[in-house]
Number of protein chains: 2
Amino acid sequence: MSDSLGKVAKLPTIRRLPVYLHLLRGLQGGGTERVSSTYIAEQLKLDAVQVRKDLSSTGIVGKPRVGFEVTGLIDAIESFLGWNNTTEAILIGVGNLGSALLGYAGFMRHNLSVVAAFDADPQKAGTEIAGKPVFPMEKLANLVHRLHIRICILTVPAQQAQGVVNLLLAAGITAIWNFTPVALHVPAGVIVQNEDLAGGLAVLSRRVRDAETAHPPRADESAEGGDDAHH
Amino acid sequence: MSDSLGKVAKLPTIRRLPVYLHLLRGLQGGGTERVSSTYIAEQLKLDAVQVRKDLSSTGIVGKPRVGFEVTGLIDAIESFLGWNNTTEAILIGVGNLGSALLGYAGFMRHNLSVVAAFDADPQKAGTEIAGKPVFPMEKLANLVHRLHIRICILTVPAQQAQGVVNLLLAAGITAIWNFTPVALHVPAGVIVQNEDLAGGLAVLSRRVRDAETAHPPRADESAEGGDDAHH
DNA sequence: TAGATTGTTAATCGATTAACAATC
DNA sequence: TAGATTGTTAATCGATTAACAATC
């Protein structure tokens with residue numbers, strides 16, 4: 001039963017699928033009809049075997065000697081991710097990041113549609129951001145029930161994260177895309193997907209620091225570094 | 001030499017460090033002086049051994065029976081990530097996401113300071129967003145050189161990504177935090193850190209889809225799904 | 001001392017990479 | 001057919017988890 005809509009795919013594979021999708025859409029726009037795993041691997045700096053394995057987990061099969069049909073691949077990936085039919089979501093916390101995500105065109109291309117936003121600040125209620133209405137928190141439960149919303153994008157300040165999540169759970173939300181740095185407490189069966197910008201920044205910072213240790217910056221800049229980093 | 005500022009740490013470990021940091025800062029704010037790996041593991045839903053291994057890669061040592069000093073841990077993690085002295089960066093592409101990141105307070109807490117933004121749209125030049133000046137692309141090379149900037153946050157449309165990266169490379173940028181879905185082409189030695197929102201959304205989408213397959217939604221909503229997902 | 005906690009070494013698990021058979 | 005490409009099975013690599021010794 002769990003295989004009826006595609007094989008089981010590993011998390012790293014799923015993360016790579018949107019990258020394939022982006023490349024394939026470009027090819028499709030340019031009129032290309034078939035593509036080989038070798039070509040995809042070159043373009044994305046991946047291993048060709050990995051590409052084939054990733055693609056095969058969506059259920060698609062290629063033709064030896066020929067490659068894959070671009071359109072078929074796009075359909076397979078979209079279908080595998082559930083991106084072929086629109087899912088509605090709400091967003092909570094209309095600060096900098098929340099406002100940006102409201103206007104982020106990428107979501108619609110991925111068929112996630114944010115239908116409403118909420119904020120604890122009563123000043124924000126009644127306004128619109130990127131064409132999306134902002135409501136006070138009191139309206140949350142009612143709207144979620146009425147529209148059968150299951151997904152919430154969480155962009156509130158860290159201190160309020162768990163409190164808001166409790167409201168979401170009470171309202172019937174079953175999946176949370178969590179942009180806060182908080183480990184949310186939810187009952188079994190509720191999906192929490194942590195989107196950790198700080199984690200990415202940490203990796204970047206460390207790589208920059210490693211590179212500087214290997215090749216120290218020019219002497220005319222020495223005032224900036226080299227002070228207390230040694231423990 | 002490569003060990004002088006901490007042991008080598010795996011990428012997953014580095015990604016987790018900011019999560020520890022957030023918890024520890026909360027503890028510090030509450031006046032807690034010491035903490036055990038067991039407690040941290042409970043709070044963050046991690047394995048205690050993993051917590052100890054992660055922490056030990058920053059160079060810190062705990063005391064058996066006692067635990068770790070909160071302040072010492074914070075210092076060790078910040079120092080390990082290079083977050084104890086401010087690094088200056090620029091941002092290119094002041095759209096929705098770019099604007100949000102300009103105002104994203106999280107960066108300052110992590111000691112990355114965005115000093116200027118750039119945009120190809122001449123209408124945006126001369127304005128300020130979140131207190132940060134927006135310049136036309138022509139000023140890029142000059143400012144990067146003058147301020148010895150090495151890090152760039154890239155939030156331009158996908159089509160323009162590689163072209164802008166070429167400008168960045170010419171200007172002397174050596175590290176790019178890439179928010180576009182494009183596999184950037186850079187020479188060896190230049191750091192590219194891909195921050196892939198679509199990847200996170202893909203994982204969320206797939207998990208939601210899996211959950212729905214296991215426990216289908218109520219019958220009164222059947223119009224929404226179950227159409228063409230079967231291959 | 002006894003007991004709790006750290007830190008390390010070994011075992012397991014999962015993902016990537018390599019080798020190769022299948023096929024158009 | 002010959003050759004290129006797919007897809008799978010085995011081997012390697014890396015990260016997590018488990019077992020246990022060290023220590024305050």
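A, B, ... follow the sequence lines: proteins, then strands. Residue 1 opens every chain.
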- Item | Inter- and intrachain pairs under side-chain hydrogen bond (donor to acceptor under 3.5 Å, both in side chains), touching residues 36-49 of chain A, at least two apart | A/Ser37-A/Arg52
- Quick one: side-chain hydrogen bond (donor to acceptor under 3.5 Å, both in side chains) pairs with a partner in residues 177-188 of chain A, sequence neighbours left out? A/Trp177-A/Glu195, A/Asn178-A/Thr180, A/Asn178-A/Asn194
- Could you check which of C/dA18, D/dA18, D/dG7 has an atom nearest any side-chain atom of B/Val49? D/dA18
- Do the side-chain N and O atoms of B/Asn166 and B/Gln162 include a donor-acceptor pair separated by under 3.5 angstrom? yes
- Residues in contact with DNA chain C, drawn from residues 32-39 of chain B - heavy-atom cutoff 4.0 Å: B/Ser36, B/Ser37
- Query: Going by number, which of residues 64-77 of chain A have a non-hydrogen atom under 4.0 Å from DNA chain C?
  - Reply: A/Pro64, A/Arg65
- Item | Between P of C/dG7 and NZ of B/Lys63, the distance in whole Å | 10 Å
- Query: For nucleotides 10-15 of chain D, read 5' to 3', which letter fits each nucleotide if B means a protein heavy atom sits under 4.0 Å from the base, S means only the sugar-phosphate is that close, and - means neither?
  - Reply: B----S
- Within less than 4.0 Å of OP1 or OP2 of C/dT6, is there a side-chain N or O belonging to B/Arg52? yes
- With a 4.5 Å limit on heavy-atom distance, are the side chains of B/Ile90 and B/Leu140 in contact? yes
- Say whether, by atom type as modelled, one donor and one acceptor occur between the side chain of B/Ser99 and the main chain of B/Gly95 under 3.5 angstrom. yes
- Query: For DNA chain D, what string of dots and brackets results from 5' to 3' when Watson-Crick and G-U pairs need both distances under 3.5 Å, crossing pairs get [ ], and pairs with another strand get |?
  - Reply: ..||||||||||||||||||||||
